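Only one structure is covered here, and it is reproduced in the block below.
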Amino acid sequence: MDLRSFEDRIKNGGRLSANEALTLYRHAPTHWLGRMADGVRRRKHPEPVVTYIIDRNVNYTNVCVARCNFCAFYREVGHAEGYVLGFEEIFRKIEETQALGGVQLLLQGGHNPDLPIAWYEDLFRSVKQRYPDFKLHALSPPEVLHLSRTSRLPVPQVIDRLMAAGLDSIPGGGAEILVDRVRQLLNCYGKATSDEWLEVMRHAHRAGLRTTATMMYGTVETDEERLEHLLRLRALQDETGGFTAFITWSYQPEHTERGGAEATGIEYLRTLAIARLVLDNFDNLQASWVTQGGKVGQLSLAFGANDMGSVMIEENVVRAAGAVYCMDEVEIVRNVEDAGFQPKRRNMHYDILGDPFFRERSVPRTLELATARDAGDTSVPAELVNYPARSAAGKRQRSQPPASPVA
Amino acid sequence: MDINLAIAERARAGESLTAAELDELASADLLSLGMLADEVRRSRVGDTVTYVRVFEWSASARTGSGELRRDSAEAASGREGEPVPSKAGEIRIAVVPESLAGAVAAIGNARAAAPKVLLTAFSLADIVDRAWAPLVDVLRQLKSAGLDAIAEAPIDRVADLAGALQACQDAGLAARCLSLQKPVGGARIDLLVLLQTLAARFAWVQTVAPLPREQSVAVPTTGYDDVRAVAMARLALPAVRNIQVDWAQYGPKLAQVALTFGANDVDRVSPIDDETLGRRRTAVEDVKRNIAAAGFTPVERDLPFDSQRGGASPLAQGRPQ
Ligand code: SF4
């Protein structure tokens, strides 16, 4: 392998083909890949700045009919541990987020058949009414598709309605690997095929929304399929330019039906670096400290990442699968500075909002991420009776008098 | 900053770098430093990574009985009373009892439990602090009780480390590795120079564990700190064969990345293949998978840095007489 010729190509902004990317991914030395990715990163971001966002990762429900076999988070309809957050609970989370300098919720959840589109619209509207400047980065493409299916409305119409209610941007979750062979094996083909996932993003971009893109690797896919995923994202980005950032993480196997072992830290750094080289039309790559830990999360900054992602405040999905890392703003900033960069707060559009919030105002340290609810809290929000349920279990629950919410 | 080519050449040639050269290397770009350390490591020890499965005991601090306990995770899992697993390549006793009699008894108990397994114990700093008797006499007694090596000698906790290592040499009892107790912010050059001096004087010092044993929960060392420390140790210490990283303390991800920055030995792999003990006690298969995924060949050792079970031990061969 002639690394020299690749070096020249990459330094001059040349585009990698699928075969070239595969050769590098499989055979290039890890530090070499990192240096190339770092070079591209520096070309795109000449200022020594690393950004992050203060937002909260809220999962409004864990009830899901999709049953992806890599997921440890979901509960079946009618399960005793199934929950839906009430509007008041979500408002409280927003206020806690604002107190920490937060500017948005990353709001995602299971495919709950008992939450009609009106529930989402009412939630978004009431959030915007109470917190007009607060942003809703909400509903990954499979959730949008789920709403399209349950409401029998075409995807563009669902997006329009959600935007009218207050949706600001769409997170790139649910992409896993955008190859249908893989999606069938992961039992996530039904929730969204590769084309359907991309099509939701295409519609969102056309409607004026910016979105992120993700890749969860390390289940059943081949190296070629990881690269096919990246190339499909690159093609859509060429077409629409609507992706603000790319985030990759490794499959977290604990407590999942699929099981198996997690891909290693080196594999993560190599995957991140090759993504930086292949996704030449993406400006921003995030470090996934929540799956890799703070140390490898920080090392991501030498392998192509220019953003430390989110402070998160709360996390439920990867925690359910065994990852329990936590980085509050103080810790993110310390790691960014230790790596030789200036930390800057940003919004979802990557506009710089300012210097670290904790340096302007005193905020408590967080050494553990919050969860959606306290253990054992099985309360059912009172407002749910206003929305028709589809499932038998949901109908039964809504015909009962509401339980008083847990204080 | 790119690496100074003349310094890189001297490191490749296995020459001892000066404090000024180390200082300059320390500010080099992280990946260039990693590349150079990896190159030097491959030419020094090839592409193998050794690992050892360590069965750990804590000696009871207060009694003189030498009573031994397992740590809380294993105690909680109901394994406390289990015998030494057959897969253990080393037994290590942490926590020095208050009395020399207690220490000798603890070693005797461990030796009786597993007569043929390498037995290491205690931090040399703790033994020095106890000041039970002249150090060399204490070390001789521990050796007579069945100890194969002192578990570690933290370079930042023993005021006269050269004197303490000389006592080890005089007693014929090696220290398994030189380690670092507390995190050091940035300036490590003086410690690296101290290590160079010690390695030059005591040729049997063949292992350095450069990552700190203590971490702050609120302000842990960063990934950059850790891999830079590993790379600097590899480049500063051409006379030392093994740069070691602790799997149980640093976890699979950082430990694996450290292998590509010059480390060649993985310490404290659990001898119990039971994932219910947590992510850092993963089964040996997972350790091997991580080593292979980093591009190296995993080799288990049961005596210090002897790659063949039952083979001759460099520690035994090189043991100070
Ligand atoms: S990954 Fe999402 S869609 Fe799949 S089962 Fe889990 S919650 Fe449901």
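All chains are named by letter (A, B, ...) in the order of the sequence lines, taking the proteins before the strands, and each is independently numbered beginning at 1. Note that this is a predicted model, so its numbers are computed, not measured.
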Would you find a donor on one side and an acceptor on the other, under 3.5 Å apart, between the side chain of [X] and the backbone of [Y]?
X       : Y       : value
Q256(B) : T264(A) : no
K253(B) : I266(A) : no
Q298(A) : T222(B) : no

D226(B) versus chain A, heavy atoms under 4.5 Å apart: side chain, backbone, both or neither?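 The side chain, not the backbone.
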Part of V219(B) lying under 4.5 Å from any heavy atom of chain A: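 Answer is both: backbone and side chain atoms of V219(B) are under 4.5 Å from chain A.
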Write down the atom of D338(A), the atom of Y224(B), and the distance for their closest heavy-atom approach.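 Nearest pair, atom of D338(A) first, then Y224(B): OD2-CB, 3.5 Å.
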Compare every heavy atom of A302(A) with every heavy atom of L31(B), then report the nearest pair and how far apart it is.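 Of all heavy-atom pairs spanning L31(B) and A302(A), the closest is CD1-O, 3.2 Å.
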When you compare the side chain of [Y] with that of [X], does any pair of heavy atoms fall below 4.5 Å?
X       : Y       : answer
H31(A)  : E39(B)  : no
L299(A) : L254(B) : yes
K295(A) : T221(B) : yes

May I ask you to name which of A339(A), G265(A), G34(A), P29(A) has the most heavy-atom pairs under 4.5 Å with chain B?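 Looking at each option in turn, the highest pair count goes to A339(A).
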Could you have a look at S32(B), G295(B), A255(B), P220(B) and say which one has the most heavy-atom pairs with chain A under 4.5 angstrom?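 That would be P220(B).
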Residue part contacting chain B, namely of [X], when any heavy atom lies under 4.5 Å:
X       : result
Y268(A) : neither
R35(A)  : both
Q292(A) : both
L269(A) : side chain

I'd like to know whether CZ of R365(A) has more than 12 heavy-atom contacts from other residues, nucleotides or ligands below 6.0 angstrom.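 Enclosed.
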How about CD on E47(A), more than 12 heavy atoms from neighbouring residues, nucleotides or ligands closer than 6.0 Å, or not?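 Not buried by this count: 12 neighbours or fewer within 6.0 Å.
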